[in-house]
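The structure under discussion appears below in the form of structure tokens.
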Amino acid sequence: MLRHVNVLENSAVLVDASTADDAAVYQLAPDRALVATADFFTPIVDDAYDFGRIAAANALSDIYAMGARPLFALNLVAFPRALLAEGNLLGEILRGGSDVARTAGIPVIGGHSIDDPEPKYGLCAIGEVHPDRIVRNSGAQPGDVLVLTKPIGTGVIATALKSGAAADDVIAAAVESMTRLNDRASAAMLEAGAHAATDVTGFGLVGHLLEMLRASGVGADIDAVAVPVLPGARELARAGHVPGGTGRNRTDSVDAVDWADEVDETMRVLLCDAQTSGGLLISVGEGAAKGLVDALRSSGHAAAAIGRIRAGAARVRVR
């Protein structure tokens with residue numbers, strides 16, 4: 001479908017859609033570039049305020065994944081007009097988004113809304129970065145260590161929530177993870193001199209790693225045991241609470257992933273699980289990896305070194 005998008009050649013465009021990166025980057029001056037992204041989705045939790053917080057954190061994550069700082073945001077709203085008079089659902093969604101933006105230190109200065117039978121919410125987020133400090137998804141180097149800054153499993157938990165199968169403490173842990181900004185993780189990766197990064201969202205850990213590998217022209221090995229997983233996610237995945245997006249992710253990656261026999265079906269599901277507002281996946285030199293993980297853990301992140309970049313084709317070997 002994207003072949004129909006007419007991309008005008010412009011030397012000011014530093015990052016476009018060609019590498020499937022997290023945000024677009026447009027240079028304004030030798031020392032300034034704008035970073036732009038848009039992200040919105042349907043509710044994944046029952047609480048309207050939490051939905052707004054999660055959607056806003058998810059959108060801002062694209063800015064942080066580029067090593068940039070957010071400047072401001074615009075609301076993107078789709079909501080059924082018939083429900084406007086019933087309670088304050090939309091108000092709570094917007095309040096949640098506003099509170100996360102306030103935590104990020106940015107204003108929400110406008111937006112757009114449409115009448116839609118199914119609610120949707122997110123942000124168009126604008127940030128800024130020095131052109132020499134952009135962290136792309138295309139810079140991973142053989143020998144790098146892969147560091148993940150949040151546990152996975154939000155897709156499985158959100159699916160279980162819809163059927164009433166997720167316990168309150170499991171939901172609470174997932175919401176806490178999804179509403180946590182990736183601002184400190186972004187600052188830590190810049191300090192560590194990260195070579196590449198992306199945030200883990202809808203295509204799952206394996207899917208977004210494959211995007212990084214294809215953009216960088218390298219392969220990767222993942223240690224499944226080292227990957228942090230949200231409480232309750234394993235049990236729910238084992239019970240069959242698997243979102244459709246996760247199944248599509250597995251199908252899409254089948255020709256590019258080599259699974260070791262000891263990696264069980266539950267972990268295969270989780271590594272492909274469609275995430276919302278996940279962590280950053282960072283490719284960093286071996287000498288800086290331990291310091292990065294320590295810095296992230298000291299700031300409250302469940303960070304872990306989960307694998308390595310290797311020379312070769314853009315394939316993932318999971319052991």
Side-chain angles (χ1 to χ4, degrees), residues 22 57-58 60-70 100 103-105 127 129-130 132-154 172-201 204-206 208-209 212-213 216 218 220-231 233-234 267 270-271 273 275 277-310 316-319:
D22 296 291
N58 182 77
L60 289 170
S61 182
D62 288 338
I63 302 294
Y64 294 126
M66 306 299 295
R69 67 179 183 90
V100 165
T103 300
V129 68
H130 192 291
D132 296 337
R133 299 268 283 172
I134 301 168
V135 182
R136 296 170 170 84
N137 70 349
S138 56
Q141 301 175 16
D144 280 359
V145 174
L146 288 167
V147 173
L148 182 65
T149 70
K150 284 186 184 182
I152 59 174
T154 61
V175 169
E176 192 281 329
S177 180
M178 289 187 286
T179 55
R180 172 173 292 197
L181 289 170
N182 282 324
D183 52 349
R184 293 183 180 179
S186 181
M189 79 172 179
L190 288 171
E191 182 67 24
H195 296 149
T198 188
D199 70 333
V200 180
T201 49
L205 176 58
V206 163
H208 286 287
L209 174 57
M212 180 186 290
L213 301 182
S216 303
V218 294
D221 296 323
I222 293 295
D223 181 4
V225 175
V227 177
V229 177
L230 283 165
R234 295 179 191 274
M267 199 62 201
L270 289 168
L271 289 172
D273 191 34
Q275 301 299 282
S277 194
L280 300 186
L281 178 63
I282 303 166
S283 181
V284 64
E286 183 175 11
K290 184 180 184 303
L292 174 58
V293 171
D294 289 345
L296 289 165
R297 289 179 176 174
S298 68
S299 64
H301 287 78
I306 64 167
R308 287 184 177 272
I309 298 293
R310 55 177 169 78
V316 180
R317 298 188 304 212
V318 186
R319 61 181 188 275

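Throughout, residue positions are numbered sequentially from 1 according to the sequence presented.
If you take CG on D199 and CE on M66, they are separated by 10.0 Å, rounding to the nearest 0.5 Å. Going from atom CD1 of I282 over to atom CG of L296 covers 6.0 Å, rounded to the nearest 0.5 Å. From I306, atom CD1 reaches atom CG of D223 across 9.0 Å, with rounding to the nearest 0.5 Å.
Across D22 and A197, no two heavy atoms sit closer than the pair OD2-O, 3.9 Å. Summarising the geometry of V135 relative to A196, their closest heavy-atom pair is CG1-C, 3.7 Å, with the distance given to 0.1 Å. S299 approaches R180 most closely through the heavy-atom pair O-NH1, 4.2 Å. Residues M212 and L281 share a closest heavy-atom pair of CE-O, 3.5 Å. Across L230 and S177, no two heavy atoms sit closer than the pair CD2-CB, 4.0 Å. For the pair A304 and A226, the tightest heavy-atom approach, listed with the atom from each and the gap, is CB-O, 3.6 Å.
Proximity of M189 to V147: side-chain heavy atoms (C-beta onward) are nowhere separated by under 4.5 Å. L213 places a side-chain heavy atom less than 4.5 Å from the side chain of I309. Taking 4.5 Å as the limit, some side-chain heavy atom of S283 sits within range of a side-chain heavy atom of L146. At a threshold of 4.5 Å between non-hydrogen side-chain atoms, the residues L148 and P228 count as touching. T201 is not listed as a side-chain neighbour of S61, based on a closest heavy-atom distance of 4.5 Å or more. When side chains are defined from C-beta on, N182 counts as touching K150, because their heavy atoms get closer than 4.5 Å. Side-chain contact between L190 and R133: present, with at least one pair of heavy atoms (C-beta onward) separated by less than 4.5 Å. Contact annotation: the side chain of V316 never approaches that of L271 to less than 4.5 Å [non-hydrogen atoms, C-beta and beyond].
In this structure H208 satisfies the ring-ring contact (aromatic ring centres under 6.0 Å, His included) test together with F203, sequence neighbours excluded.
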Quiz prompt | Worked check of side chain to side chain contact (heavy atoms under 4.5 Å, CB included) between D144 and V218 | solution = CA-CA 11 Å; D144 280 359; V218 294; over 6 Å; no
Practice problem: Would you sort out whether I152 and D273 count as a side chain to side chain contact (heavy atoms under 4.5 Å, CB included), showing the intermediate values? | Solution: CA-CA 8 Å; I152 59 174; D273 191 34; 5.8 Å; no
Self-check item: side chain to side chain contact (heavy atoms under 4.5 Å, CB included) evaluation trace for T149 with R184
Solution: CA-CA 10 Å; T149 70; R184 293 183 180 179; over 6 Å; no
Quiz item: Should Y64 and L181 be marked as a side chain to side chain contact (heavy atoms under 4.5 Å, CB included) after you check the CA-CA gap, both sets of side-chain angles, and the distance that decides it?
Solution: CA-CA 9 Å; Y64 294 126; L181 289 170; 4.1 Å; yes
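Taking a cutoff of 4.0 Å between a charged side-chain nitrogen and a carboxylate oxygen, R308 and D221 do not qualify as a salt bridge.
One N or O on the side chain of S216 and one on the backbone of N137 form a donor-acceptor pair closer than 3.5 Å.
The local environment of CD in E286 is sparse, with at most 12 non-hydrogen atoms from other residues, nucleotides or ligands closer than 6.0 Å. By the 6.0 Å contact criterion, CD on E191 is open, its count of non-hydrogen atoms from other residues, nucleotides or ligands being 12 or less.
Put simply, the residue from V293, L292, D294 that forms a side chain to side chain contact (heavy atoms under 4.5 Å, CB included) with K290 is D294.
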